[in-house]
Each structure stands twice: as C-alpha cells, then as structure tokens.
Amino acid sequence: HTAKRGQSGCEVYAPSMDAASQESLSLLSELRHAIDAGELRLFLQPKVDLHRQRIAGAEALVRWEHPTRGLVPPMEFIPFAEQTGFIRQITAWMLHASAQTWINLQREGLAVPISVNLSTRDLMDQDLPIKVADLVAGVPPSALCLEITESAIMDDPQRALQTLEQLHALGFKLSIDDFGTGYSSLAYLKQLSVDELKIDRSFVMNMERDIDDAKIVRSTIELAHNLGLSVVAEGLETAKAWTLLQTLGCDQGQGYLLARPMPGEQFAQWLRTWQPPDLGDARASTILA
Ligand code: C2E
Ligand code: MG
Ligand code: MG
Ligand code: MG
C-alpha cells in the first residue's frame, strides 16, 4: 500500500474499499468526466486600483456545474483534486480558459490582467513552466498572474523557488495568495521573484472591528511595499474598508463591494457599466489613529 501526504499533512492510506474510499473513487471519476463533459466553468472576480478607482485585473475562479448538484463551489472539490493529483488537469483547463477569456476581452478593447490559482501539486511539476507557456500561447505573459499560497511554497520551498523562478523568467506575474494564514518564512519570501502579495480576507473583513486585524493589515502593506511588492486586500466588502485601505496605502482591493465572482461571459458587460462606489460618507475608520 502506498502512503501519500494529504493536504492537511496527515497520512492518507489506500486500504481495502470502505464506504469513504468508494465515494472518493466515484467523485474522482465524476471529476474526470466533468472536464470531458464541459461542466467546469470559469468565473471572474474584479480587482480594483484603490487610488485611481479603476479595474486593475480579475481573478479566475473555478466552478463545477454538476448536472444534479448544481453549481459546486471550489472548496467542495479542489482539496480532493489536490489530494488525488487531478488538480493538474483542472489547472490546465483554467489556464487555457483564462487565455481564451483574455483574448475575447482584448478583441472588445477590455483586456485586463487575469490571475489564475496554482496548487502545491502544480508547483511540484517540473514541466509546469513549459505547460503554462504552452496553454496560454497568444497572451502576453505579463497579462497573466499566477497565485500561489504560502503553504504551497513551504511544502517544498527549494523546488517551489525553482519553478517560480522559471515562471518569472518567462514573464508571468506571480502573487502570494492568502498571505498571513499559512506558515511562511520571510527568508523565502525575500528570495522569491514575486510581484504581488494578497492579504487574506479574514484580516480585511475584520479590520473595522478588531484592532489587531487592522494592525496586521497595516504591517502587511508595509512589509509588501518594503519588499517592492504590490499589495491586494481580499474580502473588500464595505466602502469604509476601501477608505481605510486607501489611507493605509494598499494598492488594490478585491471583494463583494465590487462584485461577486461572475461567469466569464458576463464580465465584459460588467466592465462596461461599472462605476466606482460613492465613498462620500465612508470616513476612514479611526481604529488605527
Ligand atoms: P482564493 O484564491 O483566495 O479566492 C478568493 C475567494 O474569496 C473566492 O472564493 C472568492 O469568491 C472569495 N471572496 C472574494 N471576495 C470576497 C468577499 O468580499 N467576501 C467573502 N466572504 N469572500 C470573498 P471561491 O471562488 O469560493 O474560491 C475559494 C478558494 O478555492 C480560492 O481562494 C482558491 O484557493 C480555491 N480555488 C478557486 N478556484 C481555483 C482554481 O481554479 N484552482 C485552484 N488551485 N484553486 C482554486
Ligand atoms: Mg486566489
Ligand atoms: Mg486568496
Ligand atoms: Mg482565500
């Protein structure tokens, strides 16, 4: 029997078929089928430049349109896909779909950089840089940003460093996702050729009521800027948060205040009609004064 490292770091064994493994097996075959049957969907969520009040990009987020279960959110199948290695096929699908989306947007004069999420398994693939370049041929690499979580990097930092270095050399932008939630090492962060850091939404969503979260947001922005990185706040839900982030010098925001993730086909129309929110009454919180 083979033992694999599960996503949580615990050992996962493959013993004789019990109910749970039978269910996993059927989920895996369903997932395989999902790609062939065209059931994966690319959703886009905009990112805004907080100072210029302009849309600065969009993040591609996967959904599974299951014939009976409806629209399945990524947290219900991505962890499983990571455990089984099937994530690589999903990543490939997302990269290709993102490239198509970018090309369509560009035709309409609406192109913005698109961010795609990578997982640990992707980073462990020696051929990842070549595969990425291949899948997004026709899109300038600088129009594509690859998001990686701290924990994905820390799984095997040497190897991740190498892969990220190659992706960077090919011209792709790199971003650290969910910053502050994983265990990461500043020593590695310093060595990485990343361009952007995304503050995890748990801090941003709580910063108006919790002084500690506000301090974490403030020092993360400072850290990012000191390292020459651009910084994005996830979980931007209120006009007040926008104003506070602006005051703290945060570069970009992403969250429900702007829009929930939407089907790729709706995004062009959304971009055409978007207006910056009226921040008039949203005075910067004095929580950090
Ligand atoms: P993430 O990469 O950190 O993506 C941001 C998540 O936060 C998205 O959830 C988004 O809908 C949600 N979000 C954005 N703004 C707000 C807000 O203002 N409030 C709240 N409460 N939530 C907000 P989603 O789409 O459910 O994705 C969850 C996670 O699943 C992603 O987190 C990412 O880790 C993973 N994921 C999604 N698509 C992919 C993919 O194509 N590949 C991989 N490897 N992972 C993916
Ligand atoms: Mg992300
Ligand atoms: Mg994130
Ligand atoms: Mg997150």
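Please read all numbers here as calculations on a predicted model, not as lab measurements. Every number for a ligand or one of its atoms is a count from 1 in the order of the listing.
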Determine, for W64 and R69, whether the Lys NZ or Arg CZ falls below 6.0 Å from the six-membered ring centre while staying within 45 degrees of the axis. yes
Could you tell me, atom by atom, which parts of ligand 1 come under 4.0 Å of a heavy atom of E237? 17 (C), 18 (O), 19 (N), 20 (C), 21 (N)
Atoms of ligand 1 less than 4.0 Å from I87 heavy atoms? 44 (N)
Suppose the cut-off is 2.8 Å; which protein N/O/S atoms would you list for the Mg ion (ligand 2)? E59 OE2, N117 OD1, E147 OE1, D177 OD2
Contact atoms of ligand 1, heavy-atom distance to M205 under 4.0 Å: 19 (N), 21 (N)
Kindly confirm or rule out an N or O of E234 lying under 3.5 angstrom from an N or O of ligand 1. yes
Residue-level breakdown please: for R260 versus ligand 1, do any non-hydrogen atoms fall below 4.0 Å on the side chain, on the backbone, on both, or on neither? neither
Could you see which bit of D178 sits under 4.0 Å from ligand 1, with heavy atoms only: side chain, backbone, both or neither? side chain
Please determine if K47 and E59 form a salt bridge, counting it only when a charged side-chain N lies under 4.0 Å from a carboxylate O. no
Under 4.0 Å from a heavy atom of P261: which atoms of ligand 1 are those, numbered in the order shown and with their elements? 11 (O)
Got more than 12 heavy atoms from elsewhere within 6.0 Å of CZ, R52? no
Please round to the nearest 0.5 Å and tell me the distance separating atom SG of C250 and atom CG of L244. 9.5 Å
Do NZ/NE/NH1/NH2 and the carboxylate oxygens of R41 and E65 come within less than 4.0 Å? yes
Heavy atoms of other groups near R260 CZ, more than 12 under 6.0 Å: no
Give the numbers and elements of all ligand 1 atoms closer than 4.0 Å to a heavy atom of P74. 24 (P), 25 (O), 26 (O), 27 (O), 28 (C), 30 (O), 36 (N), 37 (C)
Taking heavy atoms and a distance under 4.0 Å, where does K198 meet ligand 1: side chain, backbone, both or neither? neither
Are side-chain heavy atoms of F179 and T149 found at a separation under 4.5 Å? no
Go through the structure and list residues passing side chain to side chain donor-acceptor pair (under 3.5 Å) with E108, not counting sequence neighbours. R272
Per side chain to side chain donor-acceptor pair (under 3.5 Å), Q254 is matched among Q45, R201, E234 by Q45
Region of P73 that comes within reach of ligand 1 [heavy atoms, distance under 4.0 Å]: neither
Beyond-backbone contact of L40 with L42, side-chain heavy atoms, under 4.5 angstrom: no
Relative to the heavy atoms of Q45, which atoms of ligand 1 are at a distance of less than 4.0 Å? 10 (C), 14 (C), 15 (N)
Does ligand 1 have a heavy atom under 4.0 Å from the side chain of T149, from its backbone, from both, or from neither? neither
Could an N or O of ligand 1 be found under 3.5 Å from any N or O of R201, whether backbone or side chain? yes
Taking only heavy atoms of M75, which atoms of ligand 1 are found under 4.0 Å from at least one of them? 28 (C), 29 (C), 30 (O)
List in chain and number order the residues that pass side chain to side chain contact (heavy atoms under 4.5 Å, CB included) with E265, two or more places apart in sequence or in another chain; answer none if no residue qualifies. P263
Pairs under 3.5 angstrom only: tabulate donor-acceptor contacts from the side chains of residues 223-231 to other protein residues two or more places apart or in another chain.
residue : atom : partner : partner atom : Å
H225    : NE2  : D251    : OD2          : 2.8
N226    : ND2  : E222    : O            : 3.3

Student check: side-chain heavy atoms of D122 and S119 closer than 4.5 Å: yes
Is it the case that ligand 1 has an N or O less than 3.5 angstrom from some N or O of D177? yes
